[in-house]
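Right, one structure below, let's go through it.
Protein chains get the first letters and strands the later ones, always in sequence-line order, with residue 1 at the start of each. The model shown is predicted, which means the values in this text are computed figures rather than measured ones.
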Protein chains: 2
Amino acid sequence: MANVAKYNREDVIRKAMLLFWEKGFNGASTRDLQQAIDMRPGSIYAAFGSKEKIYSEALECYSKEMSNILNKHIAEQGSPLTGLEAFFRNVVIDRRDSNPSEVCMLVKTLSEVNEQHPDLLELARDLLKRAENRFAEILQQARAQGEILPASDTGILAKHLQVQMIGLRIYMKTSGNSQAVSELISSVFRAISIK
Amino acid sequence: MANVAKYNREDVIRKAMLLFWEKGFNGASTRDLQQAIDMRPGSIYAAFGSKEKIYSEALECYSKEMSNILNKHIAEQGSPLTGLEAFFRNVVIDRRDSNPSEVCMLVKTLSEVNEQHPDLLELARDLLKRAENRFAEILQQARAQGEILPASDTGILAKHLQVQMIGLRIYMKTSGNSQAVSELISSVFRAISIK
DNA sequence: TAGTTAATTGAGCGATTGTTCAATAATTTA
DNA sequence: TAAATTATTGAACAATCGCTCAATTAACTA
């Protein structure tokens, strides 16, 4: 049967994602949500079931969007490692004003949400783990292309990059010092790559 | 005039800190707070003025406690750099079960609080900046004692350590992999120190 | 077009939020 | 000890929370 709903589910989830990313799970009320996605409570709960369910779909939307941005940069740069560095610079520095929050939405979720919503915690953890795995894939390609040392442990390096991405975004929000952050990113990738 | 209040302000602030650290600013209700510090709303508001004010005192209590832990480890190890590494390991790994949250309370504040509470944002930023300055001090001592290269830029290294501390704590919460995190900490300090 | 089904509406539920304040208790001053 | 001052209490307020559901509108079928 065809989808006869007036609303476009993808659009709605994305708008919900932008709201939740900005205000957090507790900080965004269902009234805020109603306004952001232009739907009435009855429709929202018929379509999604609960605030928690919408939030979890928003989390997945966020991850997919970040993944797309990463892939775009790798394709544009034509190199795994250079693409990864461009992605770091883009996310941590360039998009800091246009994004709803400077902090990674998955990290915000891990910070804010407690055991009252175990599914959200588990999902955030899973999506972060998938991001780490994607980093590892890219590093393997970089190794195969001779961009990093043949003996590099891509699993450990991926964890290392995950730590940097998370820490740098928070540090960017703390300090507002984009030049210092840019230099920190340079040194991270200088330490990894073959000169 | 002597303090005739029944409650002990330091104890109360510390209990409030533990509650807020666990549940966050929005997640901890004033009813939760009343129970945690065993005071009635009238007394609380007479003593502190608002939820935001108690939270800001709790933030300062948190920072002071972390600072004490750091100083203790440096004194015990008898070396700035070794003390710093012991502090990292202690905070990120050892205390992860006994602490109310694995995530730094200042980071939780930066993540959760928005422009409705600008004083809290500013305070969290300021306290993080002070922690970075303390790292820089310690690194200068380490340089003076020949533990790191004479040419090391302690300002940049302090920013680097700040990024690691923040990222590692989140990564610890994400993965639960304390062995991997321990190795990451080792490599961070191996990269800094003179062999 | 008439009848059936599906989607949407929004008033409003009970619970909870941060906060106030008149009443009470405890302490200090005289 | 009596009076004055300070501290504490907890019921209750207005606002807001996540969410429900009977009523209404829109869409599809025959």
Divergence of helical axes at both termini of the helix from C:dT1-D:dA30 to C:dA30-D:dT1 - five pairs an end, 10° steps: 10°

Rounded distance [0.5 Å steps], CD in A:Q141 versus CD1 in A:I74: 7.0 Å

Whole angstrom value for the distance that separates P of D:dC19 from CG of A:L33: 11 Å

Nearest-Å distance for atom pair CZ/P, residues A:R9 and C:dA7: 12 Å

Distance (rounded to the nearest 0.5 Å) between A:I185 CD1 and A:I93 CD1: 4.0 Å

Rounded distance (Å) that lies between atom P of D:dT9 and atom CD of B:Q34: 11 Å

Given DNA chain D, 5'-ward residue of the pair B:G42 and A:S50, judged by closest heavy atom: B:G42

Distance, rounded to the nearest Å, where A:E52 contributes CD and D:dC19 contributes C1': 14 Å

Within residues 17-32 of chain B, residues whose heavy atoms come under 4.0 Å of DNA chain C: B:A28, B:S29, B:T30, B:R31

d(CZ, A:R40; C1', D:dT24) in whole Å: 14 Å

B:F20 vs B:L33, side-chain contact (heavy atoms from CB on, under 4.5 Å): CA-CA, chis, key distance, verdict: CA-CA 8 Å; B:F20 280 129; B:L33 184 66; 4.2 Å; yes

Atom-pair distance (CG on B:D38; C1' on D:dT8), nearest Å: 12 Å

Rounded interatomic separation in angstrom, taking CE from B:M39 and P from C:dT19: 15 Å

Point-to-point distance, once rounded to the nearest 0.5 Å, from CZ of A:R89 to OG of A:S186: 4.0 Å

B:S43 side-chain N/O to D:dT9 phosphate OP1/OP2 under 4.0 Å: yes

5' priority, DNA chain D, between A:Y45 and B:P41 [closest heavy atom]: B:P41

4.5 Å side-chain heavy-atom contact, A:Y45 and A:T30: yes

Stepwise side-chain contact (heavy atoms from CB on, under 4.5 Å) check, A:N114 with B:E22: CA-CA 9 Å; A:N114 57 25; B:E22 182 191 344; over 6 Å; no

For B:E102, the option from B:K108, B:R95, B:R96, B:K173 that meets salt bridge (Lys or Arg N to Asp or Glu O under 4.0 Å): B:R96

Interatomic distance where CD1 belongs to B:I44 and C1' belongs to D:dG10 [whole Å]: 12 Å

Closest-nucleotide ordering on DNA chain C, the 5'-leading residue of A:A46 and B:K51: A:A46

CG-CD distance between A:L184 and B:Q162, expressed to the nearest 0.5 angstrom: 11.0 Å

Criterion side-chain contact (heavy atoms from CB on, under 4.5 Å) on B:K64 and B:E60, from CA distance to verdict: CA-CA 6 Å; B:K64 182 160 286 182; B:E60 286 175 356; over 6 Å; no

